[in-house]
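Here the structure comes first, spelled out in structure tokens, and everything after it is commentary.
In this text the structure is predicted, and so the values were computed from the model without any measurement. Below, chain A is the first sequence line, B the second, and so on; all start at residue 1. All values below come from the heavy atoms of this structure, side chains included, with hydrogens, waters and symmetry mates left out.
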There are 2 protein chains.
Amino acid sequence: MGRSQLEKQKTHERIVELAARRLREEGLDGIGVADLMKEAGLTVGGFYKHFASRDELVAEAVQSAVESWRKQQEENGIDPAHIPLSEYVDIYLSENHRDHCGEGCAYAALTADMARSSEAVRSIATEGLRKNFDAMTARMPQPETADARQKAIIASCLMTGAVGLARVANDGALSSEILETVKQFVKSLAKTE
Amino acid sequence: MGRSQLEKQKTHERIVELAARRLREEGLDGIGVADLMKEAGLTVGGFYKHFASRDELVAEAVQSAVESWRKQQEENGIDPAHIPLSEYVDIYLSENHRDHCGEGCAYAALTADMARSSEAVRSIATEGLRKNFDAMTARMPQPETADARQKAIIASCLMTGAVGLARVANDGALSSEILETVKQFVKSLAKTE
DNA sequence: ATTATCTATAGATCTATAGATAATGC
DNA sequence: ATTATCTATAGATCTATAGATAATGC
């Protein structure tokens, strides 16, 4: 019923951030446009003044989800570029992260969904992945070496894989065993050389 | 239009195996009942004499997909219980596996989908995961040690995570770098102790 | 005058069912 | 007689659009 341009921009961001959470929870095919708008306190008709299509929202939401993990760490007073790997791993491989995929790492929550998605989404995800590898390399003991980059790639695959499989296991003991085993190992990866 | 019970059983298996492939390709919400039956050379009406619901097919197809990787290795003359880890890794972390997720490992293709799915599907996936960890432990140098189990869990998370992220990256160089880096590392994991 | 959002709905798609058809198997 | 599959369709759900409403902003 008529709002200012500033309010429209805020509404747009609210929809994207809500979608970023709900799509990580339900997958990229999950929540529908009508339900999403309802959760945002709006109705379906207004959606298409913000996005040309659902696919366009998905692309924006994936971008937001890829960035949100870093943003969230910053909001919690953690500098993702300088946090020691051992502390970062405690957060990433926690039961809290496992149980709250909507607010968690996009790569753990949406790997297969992103791989199956459009080239637009895959390009966004690929650039985010590159940045994540670089950030992880910077957390290694001697960041300038080729060895640090290799370890960063290994740690990244290991951490996303572990949270993914820990979410599959509906046996709490097995799920925790995965998280704990990988946690210890990634810590040792940062120490040894 | 009227077939023997034997033929019905074969038809049932054909639908399940086709679904196991198509669901790994498109995700568990992917292909619809009508399209699936059409690809099987049948029509939609017959589906519900085989399965009470689409969900029931999905559970059977996940079971089939979880077992199919092992079956496929056996068909190719590979004994999954005794293949050296270094050879297994060459197959798992190959570009061929990355590019053919429909015939590949269910855990690399469907991690997030299985985590989001019903308890029935999650239980099937959890049991399969347990067996995979055991099989991977048996491939380690000293399989009876706790260290072997830990390495098996690490290798499993690393391999599923690596194939997943390699499928996300639409930059061939980055994708291959992930596969190659992890391949070398898992091989070293089996040697060192 | 423009536009952000609303209500209402068209059109496509998907799951599941009803009833018909043509084989099997006692 | 039973049943495996077929054709046809009901009912639900989802994306996208049309037209109305009530604000903004020149």
Side-chain angles (χ1 to χ4, degrees), chain A residues 1-62 110 113 116-121, chain B residues 1-62 110 113 116-121:
Chain A
M1 301 167 180
R3 298 287 186 282
S4 70
Q5 291 182 351
L6 181 67
E7 277 184 87
K8 188 190 179 185
Q9 196 182 326
K10 281 186 183 175
T11 301
H12 187 99
E13 284 171 21
R14 200 170 80 240
I15 297 169
V16 171
E17 281 178 29
L18 181 64
R21 181 162 66 76
R22 304 293 275 109
L23 293 176
R24 270 176 286 181
E25 286 171 2
E26 299 186 10
L28 297 183
D29 288 336
I31 192 164
V33 169
D35 287 345
L36 188 75
M37 291 298 274
K38 198 173 182 180
E39 285 190 28
L42 298 165
T43 57
V44 65
F47 181 85
Y48 293 90
K49 293 288 164 87
H50 287 283
F51 310 96
S53 65
R54 186 180 183 281
D55 280 351
E56 194 173 292
L57 167 70
V58 170
E60 282 193 44
V62 166
L110 295 172
D113 284 86
R116 288 189 287 259
S117 197
S118 65
E119 285 301 306
V121 166
Chain B
M1 301 173 179
R3 300 287 186 280
S4 70
Q5 291 182 352
L6 180 68
E7 275 184 89
K8 187 190 178 183
Q9 196 182 325
K10 281 186 182 175
T11 300
H12 187 100
E13 284 171 21
R14 200 170 81 239
I15 297 169
V16 172
E17 281 178 29
L18 181 64
R21 181 163 66 77
R22 302 295 274 110
L23 293 175
R24 271 176 286 180
E25 286 171 1
E26 298 186 11
L28 296 183
D29 289 336
I31 192 164
V33 169
D35 286 344
L36 187 76
M37 291 298 273
K38 198 172 181 180
E39 285 190 28
L42 299 163
T43 58
V44 65
F47 181 85
Y48 293 90
K49 293 289 164 83
H50 286 283
F51 310 96
S53 65
R54 186 180 184 280
D55 280 352
E56 196 174 291
L57 166 69
V58 170
E60 283 193 44
V62 167
L110 294 172
D113 285 85
R116 289 190 287 259
S117 195
S118 65
E119 285 302 308
V121 165

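- The partner of D:dA22 is C:dT3, by the rule that a Watson-Crick or G-U pair needs both atom distances under 3.5 Å.
- Atom CG in B:L23 sits about 14 Å away from atom P in C:dC14, given to the nearest Å.
- For A:L42, whose side chain is taken as the heavy atoms from C-beta onward, the closest listed nucleotide among C:dC6, D:dT5, C:dA16 is C:dC6.
- Partner assigned to D:dT15 is C:dA10, using Watson-Crick or G-U wobble distances below 3.5 angstrom.
- Between the OH atom of A:Y48 and the P atom of C:dT5 there is a distance of 15 Å, rounded to whole Å.
- Within the nucleic acid shown, A:G32 comes within 4.0 Å of sugar-phosphate atoms alone, with no base atom in reach, counting heavy atoms only.
- When the C1' atom of D:dT15 is taken as reference, atom CD1 of A:I31 falls 14 Å away, rounded to whole Å.
- One can place CD of B:Q5 at 14 Å from P of D:dT2, the figure rounded to the nearest angstrom.
- In this structure, the side chains of A:V33 and A:F51 stay at 4.5 Å or more apart for every pair of heavy atoms.
- Classification of B:D113 and A:R116 as a salt-bridged pair holds, one side-chain N sitting under 4.0 Å from a carboxylate O.
- Distance from the side chain of B:V44 is smallest for D:dA8 among the nucleotides D:dA8, D:dA4, D:dA16.
- B:L36 places its CG atom 16 Å from the C1' atom of C:dT13, with the value rounded to the nearest Å.
- Interatomic distance, A:L18 CG to A:L36 CG, rounded to the nearest 0.5 Å: 5.0 Å.
- Here C:dA8 presents its P atom at 14 Å from NZ of A:K38, a figure rounded to the nearest Å.
- Rounded to an integer number of Å, the gap from A:E7 CD to C:dC6 P is 12 Å.
- Each of C:dA16, D:dT7, C:dC6 was ranked by its minimum atom distance to the side chain of B:R54; first place goes to C:dA16.
- In this structure, the nucleotide among C:dT5, D:dA4, D:dA16 sitting nearest to the side chain of B:K8 is D:dA4.
- Closest to the B:V33 side chain, of the nucleotides C:dT5, D:dA16, C:dT15, is C:dT15.
- Ranked by how close their nearest DNA chain D nucleotide is to the 5' end, B:K49 and A:D29 are led by B:K49.
- Between B:E25 and B:R22, at least one side-chain N (NZ, or NE/NH1/NH2) sits under 4.0 Å from a carboxylate O, which counts as a salt bridge.
- Contact check, B:H50 against D:dT5: a side-chain N or O comes under 4.0 Å of OP1 or OP2.
- If you measure from atom CG of A:D55 to atom P of D:dT15, you get 10 Å, rounded to the nearest angstrom.
- Look at B:T11 and you won't find any side-chain N or O under 4.0 angstrom from OP1 or OP2 of D:dA4.
- To the nearest 0.5 Å, atom CD of residue A:Q9 and atom CD of residue A:Q5 are 9.0 Å apart.
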